[in-house]
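To start, the structure under review is shown below, and the notes come after it.
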Amino acid sequence: PILVLVLSNGGYDAVEQSVVGHYPDGRAAAANYVPLTRIEPTPDFTKIAAASRGYAARVERPADFPGALATAVAHVRERREQALLEIIIA
């Protein structure tokens with residue numbers, strides 16, 4: 001069993017940061033927009049996990065994270081099945 005944490009920011013932030021880092025004076029940095037880095041509509045990762053018969057939950061508020069994590073860990077340990085938490089960070 002595995003526990004997956006998806007930090008969902010609606011885009012490919014690593015690509016965006018890399019482009020701006022390599023070309024700080026480029027058009028993308030000046031416009032504050034890097035083409036092809038936004039994921040719209042954002043996939044519902046909880047539905048993907050549920051379709052694989054795994055436990056899935058979405059966390060939208062930081063205060064909800066500790067409880068959601070405890071529930072997911074308990075699921076993995078007790079039921080010996082995969083679990084996914086989609087954590088909305090943007």
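All residue numbers refer to positions in the sequence shown, counting from 1.
- The hydrophobic side chain of Leu36 is isolated, with no ILVMFWY side chain under 4.5 Å apart from it.
- Sorted by first and then second residue, the salt bridge (Lys or Arg N to Asp or Glu O under 4.0 Å) pairs with a member in residues 18-41 read Glu16-Arg38; sequence neighbours excluded.
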Contacts under 3.5 angstrom, residues 1-11 side chains, donor-acceptor by atom type, not counting sequence neighbours:
unit_1 : atom_1 : unit_2 : atom_2 : d
Asn9   : OD1    : Gly11  : N      : 3.0

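- Partners of Ala50 by side-chain contact (heavy atoms from CB on, under 4.5 Å), not counting sequence neighbours: none found.
- Remark: Thr46 pairs with Asp44 by the side-chain hydrogen bond (donor to acceptor under 3.5 Å, both in side chains) rule, at least two apart or across chains.
- Side-chain N or O atoms of Ser18 include none that pairs as donor or acceptor with a backbone N or O of Ala14 at under 3.5 Å.
- Sequence neighbours left out, the pairs with a member in residues 60-69 that pass salt bridge (Lys or Arg N to Asp or Glu O under 4.0 Å) are Arg61-Asp64.
- Legend: residues meeting side-chain hydrogen bond (donor to acceptor under 3.5 Å, both in side chains) with Arg53, ordered by chain and number and at least two apart, are absent.
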Just list the side-chain donor-acceptor pairs under 3.5 Å for residues 82-90, sequence neighbours left out, or say none.
unit_1 : atom_1 : unit_2 : atom_2 : d
Gln82  : NE2    : Ser52  : O      : 2.7
Glu86  : OE1    : Phe45  : N      : 3.4
Glu86  : OE1    : Arg58  : NE     : 3.4
Glu86  : OE1    : Arg58  : NH2    : 3.0

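- Tyr55 meets the ring-ring contact (aromatic ring centres under 6.0 Å, His included) test with His75; sequence neighbours excluded.
- Residues Pro66 and Ala63 share a closest heavy-atom pair of CD-O, 3.5 Å.
- Screening residues 1-30 for ring pair (Phe, Tyr, Trp, His ring centres under 6.0 Å), with sequence neighbours left out, gives no hits.
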